[in-house]
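A short write-up of the structure that comes next.
Numbers here simply count residues along the sequence, with the first being 1. As a basis for the values below, the full set of heavy atoms in this structure was taken, side chains included, without hydrogen atoms, waters or symmetry mates. Keep in mind it's a predicted model, so treat the numbers as computed, not measured.
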Amino acid sequence: MPKPLRMSRRTWVAVWAVLCVAGIAATAALNAFPAPDPQPEKPVSAECAEYIADIETQLAKAKREGNDDGVLAFTRTRVGADDCSDEVLDHFSGDRARRG
């Protein structure tokens, strides 16, 4: 069985110092790049904005009543109403990625 290589303390300190310098250099390089510009918000129709406001009102009411377990159901009963599903997802999803 081959004998394992022994490293002196100086070698360990040198390796540690090189790794620290590499980490600092990588952090500086990442911080040098500006953050990407936020995506401009798409315009929302008045009907969808009203629907989103209604959802927020119902969520706030449920929270006040202590029913904020995270499960609420919403239905659209009007025929010919705008399809606001994308706008609702965009509004309530926050930073989460949209599902296709």
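With rounding to the nearest 0.5 angstrom, the CZ atom of Arg64 is 11.0 Å from the CG atom of Leu59. The distance from the CD1 atom of Ile55 to the CD atom of Glu50 is 11.5 Å, given to the nearest 0.5 Å. Note: Leu89 CG to Cys84 SG = 11.0 Å, rounded to the nearest 0.5 Å.
Trp12 and Leu19 fall within a single hydrophobic cluster, where Ile, Leu, Val, Met, Phe, Trp and Tyr are joined by side-chain heavy atoms under 4.5 Å apart, directly or via other members.
Considering every non-hydrogen atom in both Ile52 and Glu87, the closest pair reads CD1-O, 3.9 Å.
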